[in-house]
Structure formats: C-alpha cells, structure tokens
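Both counts, for ligands and for their atoms, begin at 1 and track the order of listing. These values consider heavy atoms only, across backbone and side chains, with no hydrogens, waters or symmetry-generated copies. Owing to the predicted nature of the structure, the values given are computational and were not obtained by experimental measurement.
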Amino acid sequence: MFELEVGSDARDTVSGPVTPVIETAELTKTYGESRGIDGVSMTVEAGEVFGFLGPNGAGKTTTIRTLLDLLHPTSGSARVFGLDSRRDTLRIRARTGNLPGDFAYDARLTGREVIDLFARLRGISDLGRARDLAERFEADLDRPLAELSRGNRQKVGLVQAMFHEPELLILDEPTSGLDPLMQEEFLKVVREARERGGTVFLSSHDLDEVERVCDRVGIIRHGRLVDVEEVADLTERAYRHVTLEFSGPVDAAEFAAIAGVTELERSGNRIAFKAQSNLDAVIKAAARHELVDIELTHPSLEEIFLTFYGEHGPR
Ligand SMILES: Nc1ncnc2c1ncn2[C@@H]1O[C@H](COP(=O)(O)OP(=O)(O)OP(=O)(O)O)[C@@H](O)[C@H]1O
Ligand SMILES: [Mg+2]
C-alpha cells in the first residue's frame with residue numbers, strides 16, 4: 001500500500017533541511033512604554049535541550065508566552081514546528097507540553113483533576129505517564145492545589161506538562177521551588193525526553209543546572225539575547241583550577257612561567273593557579289617534583305560567563 005498523503009509534519013523525514021522546532025525572528029514585545037523583549041532571534045533544533053538563561057526581568061517569561069501565543073508580539077515573529085505562533089496556535093499547543101512560570105491552575109482542583117482536564121483538552125483518553133511521573137516526583141495528586149506547598153504544586157505542574165510525552169516541552173523555570181533531590185529527578189526526566197527524540201526549551205537562573213542538562217544555552221539580559229553557545233564549547237575553551245601539593249618546597253616561578261598559567265598562589269608546599277589549555281606542560285613540570293596531591297576542577301558555567309562577559313554581559 002502507498003501512503004497517498006504526506007502531512008506537512010512528515011516532510012522532515014524526507015531528505016532536505018530539517019525545520020527548526022523553534023525559530024524566532026526579531027521577536028519584540030513592549031508593555032506600553034516598558035520593555036519586555038527586544039529583537040530576539042534564535043533557533044532551537046529538533047532533539048535539543050536548550051537552556052534560556054537570564055536574571056529576573058530579563059524577558060524569559062515574555063519570550064515563552066509569545067511562543068505559545070499567550071502574548072502577542074509587538075513586532076517580529078515566532079515559528080514552532082515551522083508553524084506560525086499566531087495563526088497555528090492550537091496545532092502548536094497540541095504538540096507541546098508547557099509549564100508556565102506561575103503554575104496555579106484552579107486551586108480548588110486536585111492534581112488528578114487538573115491532569116484529567118488537560119488530557120481531555122489534548123484529546124487523549126489515557127493519562128499516559130502521569131502515574132509514573134507523579135511517583136518519581138512524589139507529587140500528591142489527591143489534594144486540592146490550594147493545600148499544596150509551592151514546590152509540591154510545581155511537581156503537579158511538571159506532571160501536567162510532561163505526562164503525554166509531547167514532542168516539545170516548554171518549561172518556564174521548571175526547578176523553581178523543587179528541593180535538590182527533585183531537581184535531580186527532573187534533570188533525569190529531561191535527559192530521558194531527549195533520548196526519546198524530544199526537544200526541550202527551559203528557562204532558568206541557574207547556570208549550573210543548565211550546564212548539566214542542556215546542549216546549548218541562550219543568554220538573555222535586559223530583553224536582548226546576548227549570546228547563544230554550545231555548553232560543551234564553553235567548558236572546552238575554559239580553564240581549570242589546579243592545586244598541587246608537594247612533599248617539600250617548590251619554586252613557584254617554575255609554574256608561573258608556563259604559558260596560560262595565571263593567578264598563582266602559594267602556601268607552604270602547595271601551589272594553586274588557573275591553567276588555560278596548557279595542562280600538559282603543567283603536569284610535566286609537576287612530575288619533576290614529588291607530588292603528594294593534585295586537584296583539577298572545572299569552573300562553573302557561572303564563573304565562565306563572568307570571566308568572558310563580566311557582570312553585565314558583552315555589550
Ligand atoms: N504585564 C506586564 N506589564 C508591564 N511590564 C511587564 C509585564 N510583564 C513583564 N513586564 C516587563 O517585561 C520585562 C521582562 O519580564 P519577564 O517576566 O519576561 O522576565 P523574566 O526573565 O521571566 O524574569 P523572572 O526571572 O523574574 O521570571 C520586565 O522588565 C518586566 O517588568
Ligand atoms: Mg519569568
């Protein structure tokens with residue numbers, strides 16, 4: 001039998017360029033006089049976990065709400081699955097799971113009732129992975145949302161966004177309010193979504209968290225997208241913190257002379273410094289003495305950004 005109809009959604013499986021899952025062009029939203037976002041252009045590819053990072057008021061929520069047409073852009077455009085965010089809103093929403101930044105559905109409803117409602121809205125008859133996810137997040141689906149703590153309400157929100165295993169997850173600060181164990185569980189679930197071929201767009205304040213789960217990160221500040229980087233590139237080009245401890249005194253100048261070594265400090269038989277790219281020379285110099293201990297740590301993404309961009313970004 002031949003397939004007579006190839007829906008537009010199936011085109012990507014035939015050869016040719018793959019449509020980005022999210023594509024914004026000069027997306028701009030002003031709230032009267034005040035700035036929301038200004039000329040945000042970015043692309044998120046299928047199968048990516050994309051982190052959208054920025055401080056309070058940077059424009060993360062505004063961008064996210066525009067993608068789902070919960071806000072109309074003042075100018076510019078957004079496409080999701082190649083569909084126009086304003087014209088094809090319902091088709092986009094049907095293929096997306098969304099956790100809003102302020103998840104607070106009708107608070108009289110229990111988590112189970114909220115999820116039932118979303119299942120019906122999405123036209124699905126079973127609750128998919130809701131039970132499994134609720135167990136993993138230890139979400140209480142039996143009490144009204146009004147009676148739940150903020151973190152526990154957030155867990156219901158996550159189950160609501162993810163239970164139908166959508167192609168695209170758009171999550172506004174998904175880990176806010178979660179305790180560290182639940183944050184870990186969440187990161188696992190995100191990695192599983194990527195393994196299934198899903199795409200994830202998540203906003204965060206936490207560079208460390210983004211570093212651990214995202215493939216790329218977009219940095220938004222004062223409503224403008226200031227940079228998009230591969231997380232792997234960022235960590236690659238970065239330096240290491242090196243601490244060496246020797247059995248006796250060592251001439252620190254020997255290490256200070258190595259290209260790429262900076263911020264050297266010495267205390268007793270221990271020296272510590274930053275080393276950029278020239279680790280081989282560092283290790284060979286260390287090996288000429290009797291080493292007692294060696295520590296090599298990666299800087300956090302936060303530190304990398306401060307190093308490369310300073311407090312206020314590259315502007
Ligand atoms: N309804 C509104 N009316 C007026 N200004 C608004 C409105 N919503 C947002 N803004 C402004 O738009 C800018 C971006 O806000 P947005 O909520 O998108 O930031 P955010 O990055 O999500 O911040 P947070 O990390 O605090 O959630 C801010 O300057 C904010 O004051
Ligand atoms: Mg926000």
- prompt: Does Arg91 make a cation-pi contact with Phe81 (under 6.0 Å, within 45 degrees of the axis)?
  reply: no

query: At a 4.0 Å cut-off, with the gap strictly under it, does some heavy atom of Ser34 reach an atom of ligand 1?
result: yes

task: Output the list of atoms in ligand 1 that are nearer than 4.0 Å to some heavy atom of His205, sorted by atom number.
output: 25 (O)

query: Regarding His72 and Arg86, is there a side-chain donor-to-acceptor distance under 3.5 Å anywhere?
result: yes

message: His241 vs Glu295, test: side chain to side chain donor-acceptor pair (under 3.5 Å). Steps then yes/no.
response: CA-CA 8 Å; His241 291 292; Glu295 191 184 271; over 6 Å; no

field: Proximity flag Gly32 to ligand 1, non-hydrogen atoms under 4.0 Å
entry: no

query: Do Asp69 and Ser85 have a side chain donor and acceptor closer than 3.5 Å?
result: no

- line: With heavy atoms and a 4.0 Å threshold, my read on which part of Pro55 contacts ligand 1 is backbone

- line: Tightest non-hydrogen contact, residues Leu148 and Arg143, listed as CD2-CB, 4.1 Å

N or O contact, Ala58 vs ligand 1, cut-off under 3.5 Å: yes

message: Looking at ligand 1, is there an atom of it that comes within less than 4.0 Å of some heavy atom belonging to Arg65?
response: no

- line: Judged by heavy atoms only, the candidate from Lys29, Glu33, Arg35 nearest atom 11 (C) of ligand 1 is Arg35

query: Thr74 and Tyr31: side chain to side chain donor-acceptor pair (under 3.5 Å), yes or no, with the steps?
result: CA-CA 9 Å; Thr74 310; Tyr31 297 96; over 6 Å; no

- prompt: Looking at ligand 1, does Gly36 have a heavy atom less than 4.0 Å from it?
  reply: yes

field: Winner among Gly57, Gly59, Ser203 once heavy atoms are compared against atom 28 (C) of ligand 1
entry: Gly57

field: Face-on cation placement of Lys155 at Phe137 ring, 6.0 Å and 45° thresholds
entry: no

task: Measure up the His289 and Phe246 rings against each other and bin them: parallel (under 30°), tilted (30 to 60°), perpendicular (over 60°).
output: perpendicular

Atom 31 (O) of ligand 1 within contact range, any protein heavy atom under 4.0 Å: no

field: atom 8 (N) of ligand 1 [closest protein heavy-atom partner, distance rounded to 0.1 Å]
entry: Tyr31 CZ, 3.2 Å

query: So between Lys60, His222, Glu173, whose heavy atom ends up nearest atom 20 (P) of ligand 1?
result: Lys60

- line: ligand 1 to Thr62, heavy atom cutoff 4.0 Å, flagged ligand atoms 14 (C), 15 (O), 16 (P), 18 (O)

message: Between Thr62 and the Mg ion (ligand 2), is there a contact where an N/O/S atom of the residue lies under 2.8 Å from the metal?
response: no

statement: CZ of Arg136 to CG of Asp132, rounded to nearest 0.5 Å, is 6.0 Å

Short side-chain donor-acceptor distance under 3.5 Å, Thr61 and Asp172: yes

- prompt: Can you tell me which residue and heavy atom of the protein come closest to atom 26 (O) of ligand 1, and the distance to 0.1 Å?
  reply: Asn56 ND2, 2.9 Å

task: Pull out every atom of ligand 1 sitting under 4.0 Å from any heavy atom of Thr61, numbered as shown with elements.
output: 17 (O), 18 (O), 20 (P), 22 (O), 27 (O)

